[in-house]
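To start, the structure itself, in structure tokens.
Bear in mind the structure is a predicted one, so any value in this text is a computation, not a measurement.
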Amino acid sequence: MRIPALALKRKQWEPFAFASPAMVLIAFVIVFPLAYSFYLSFQNFDLSVGPEHEFVGMKNYTEGIFRDPRFLGSVWNTAVIIAPSLVLELLLGLGIAMLLSRVLHGRPIITALLAIPAMVSPVMAAMAWRMMFGVKYGAINNLGLQLGLIDVYFDWFGSSAIARAAVVLVDVWHNTPFMMLVLLAGIQSIPRELYDAAKADGATAWQSFWSITLPLLKFTMAVGLMIRLIDLTKLFGLIFILTFGGPGGATETVAFNTYLVGFKDFRMSYASALSYVIVGGVLVLTLVFLWIQRLREARAG
């Protein structure tokens, strides 16, 4: 009876033994930085002063939420960039996915070609578009001059509105393929029999889309929007390369503002607090979005 008991105990701890190296690595790479940054957020730790720090409680959080106009301005800038980006990516992704769902031959090749922008890293995409937006040697300005659309070289990052529009344009180019792939998978999961039945009843293509495709695609759209919402709140690499927060802080997002506070002003405790404010904001937005989605589903049901 002793040998089976030992074998049973071995089966119980053996999986943890095999997983322990990965768990230790995760603890050092993810858990420890999160715990340490949370601890720092309650301290007054300034790298420009020295390693000494003191406990200040919620002071860093209250400063970020109520008394820091620069951080509050970055929240507004992030919202101004997020809103049109999400709308355009959803509409363009849905339109391209609908067109691809009707392609009978060569769909995998066309889909792979359209997905190329999403495979490019944000830094490389920002560098390429930065060169294209160049004032004197940029492709966009030179093409506009040759076509007669503009008379002089134009500074695309000279005004707040145009700089934000440029950021939205690059983000839409880079991430629309992701939304396209998500929605295409959702469209292909809809049973074809529903469309055949609607066609037999005399429904038009628009009626089929409005009554079949859109209702059955709501959950997939919600998942795609939530993923992009969370990703856009962390918008940093694109801003760092493309505009560096300019002009005049007009494209300074919350993630980029946190970077400046921590690695330019050296206020590490305050930057840690801002990071957790961002995490809390994303969590609240996600919960609100899920609540609205469930409320709509309950009303529809």
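- Atom CD1 of I82 is separated from atom CG of D171 by 9.5 Å, given to the nearest 0.5 angstrom.
- Applying the ring pair (Phe, Tyr, Trp, His ring centres under 6.0 Å) test to Y276 and every residue at least two apart in sequence or in another chain returns F38.
- The two residues V168 and P84 make their nearest non-hydrogen contact at CG2-CG, 3.9 Å.
- Minimum heavy-atom separation, A163 to P247: CB-CD, 3.5 Å.
- A donor-acceptor contact shorter than 3.5 Å links the side chain of N142 to the backbone of G138.
- Sparse packing is recorded around CE of M127, with 12 or fewer heavy atoms of other residues, nucleotides or ligands lying under 6.0 Å away.
- Using a 4.5 Å heavy-atom threshold, the side chains of L94 and L217 count as touching.
- Tracing side-chain contacts under 4.5 Å through hydrophobic residues (I, L, V, M, F, W, Y), one never reaches W76 starting from L72; they form parts of separate clusters.
- The salt bridge (Lys or Arg N to Asp or Glu O under 4.0 Å) check on D231 picks up R228, with sequence neighbours excluded.
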For a side-chain contact (heavy atoms from CB on, under 4.5 Å) check, start with the C-alpha distance between F178 and L181, then their side-chain angles and the critical distance, and finish with the verdict.
CA-CA 5 Å; F178 166 78; L181 293 174; 5.9 Å; no
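- Nearest heavy atom pair, residue G64 against residue F71, reads O-CD2, 3.1 Å.
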Between V135 and F154, is the side-chain contact (heavy atoms from CB on, under 4.5 Å) condition met? List the steps.
CA-CA 6 Å; V135 176; F154 188 76; over 6 Å; no
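- Counting only distance, with no hydrogens or angles, the side chain of N257 and the backbone of S74 share no donor-acceptor pair below 3.5 Å.
- The environment of CG in L113 is crowded: more than 12 heavy-atom neighbours from other residues, nucleotides or ligands sit within 6.0 Å.
- Residues V167 and M124 share a hydrophobic cluster, clusters being chains of Ile/Leu/Val/Met/Phe/Trp/Tyr side chains in contact below 4.5 Å.
- Neither side chain, Y39 nor S272, offers a donor N or O lying under 3.5 Å from an acceptor on the other.
- To the nearest 0.5 Å, atoms CG (L225) and CG (L86) are separated by 6.0 Å.
- At least one donor-acceptor pair under 3.5 Å links the side chain of Q207 to the backbone N or O of T204.
- Of the possible donor and acceptor atoms, one in the side chain of N141 sits under 3.5 Å from a partner among the backbone N and O of G134.
- Interatomic distance, I140 CD1 to L149 CG, rounded to the nearest 0.5 Å: 12.0 Å.
- Within a 6.0 Å radius of CZ in F244, other residues, nucleotides and ligands contribute more than 12 heavy atoms.
- A donor-acceptor pair under 3.5 Å is absent between the side-chain atoms of S211 and the main chain of S208, judged by distance alone.
- Panel note: side chain T78, backbone V254; a donor-acceptor pair is recorded below 3.5 Å.
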For side-chain contact (heavy atoms from CB on, under 4.5 Å), just list the numbers for L90 and M221, CA-CA rounded to whole Å, side-chain angles, deciding distance to a tenth of an Å, and then say yes or no.
CA-CA 8 Å; L90 177 62; M221 293 167 63; 3.8 Å; yes
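- I26 is connected to V29 through a chain of hydrophobic side-chain contacts under 4.5 Å among Ile, Leu, Val, Met, Phe, Trp and Tyr, so both are in one cluster.
- Looking at V56 and Q43, their side chains never come closer than 4.5 Å, going by heavy atoms from C-beta outward.
- Counted within 6.0 Å of CE on M58, heavy atoms from surrounding residues, nucleotides or ligands total more than 12; the atom is thus considered enclosed.
- In this structure, the side chain of D201 does not engage the main chain of A203 through any donor-acceptor pair within 3.5 Å.
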Criterion ring-ring contact (aromatic ring centres under 6.0 Å, His included) on F28 and F32, from CA distance to verdict:
CA-CA 5 Å; F28 275 106; F32 174 74; 7.2 Å; no
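- With a 6.0 Å radius and a threshold of 12 heavy atoms from other residues, nucleotides or ligands, R67 has its CZ atom above the threshold.
- Contact check for I65 versus V277: side-chain heavy atoms found under the 4.5 Å cut-off.
- I162 and F133 fall within the same hydrophobic cluster, where Ile, Leu, Val, Met, Phe, Trp and Tyr residues are linked whenever their side-chain heavy atoms come under 4.5 Å apart, directly or through other members.
- Taking CG of N60 as the reference point, atom CE of M268 lies at 12.0 Å (rounded to 0.5 Å).
- Without hydrogens or angle criteria, H174 side chain to A125 main chain gives no donor-acceptor distance under 3.5 Å.
- Using the six-membered ring where Trp is involved, F55 and F42 have ring planes that are parallel, under 30° apart on the 30 and 60° scheme.
- L40 and F266 fall within the same hydrophobic cluster, where Ile, Leu, Val, Met, Phe, Trp and Tyr residues are linked whenever their side-chain heavy atoms come under 4.5 Å apart, directly or through other members.
- Put simply, the residue from N77, T243, V80, L238 that forms a side-chain contact (heavy atoms from CB on, under 4.5 Å) with T251 is T243.
- Within the 3.5 Å criterion, the main-chain N or O of A250 finds a donor-acceptor partner in the side chain of R164.
- Side-chain contact between I239 and E252 is absent, with no heavy atoms from C-beta onward closer than 4.5 Å.
- Of the possible polar contacts, none joining the T258 side chain to the L274 backbone as a donor-acceptor pair under 3.5 Å is found.
- Shown here for W173 and P117, the closest heavy-atom pair between the two residues is O-CB, 3.4 Å.
- Looking at Y270 and N44, their side chains never bring a donor and an acceptor atom within 3.5 Å of each other.
- For residues 111-140, the set of pairs meeting the side-chain hydrogen bond (donor to acceptor under 3.5 Å, both in side chains) definition, not counting sequence neighbours, is empty.
- Taking the charged nitrogens against the carboxylate oxygens, E63 and R267 do have a contact shorter than 4.0 Å, which makes a salt bridge.
- No side-chain heavy atom of T253 sits less than 4.5 Å from a side-chain heavy atom of L232.
- Between the CG atom in L100 and the CG atom in L114 there is a gap of 5.5 Å [rounded to 0.5 Å].
- For the atom pair Y195 OH and S101 OG, the distance stands at 7.5 Å (nearest 0.5 Å).
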Check the pair I187, L216 against side-chain contact (heavy atoms from CB on, under 4.5 Å), reporting the backbone distance first and the verdict last.
CA-CA 8 Å; I187 292 172; L216 296 180; over 6 Å; no
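- The heavy-atom pair separating M180 from A115 by the smallest distance is CE-N, 4.5 Å.
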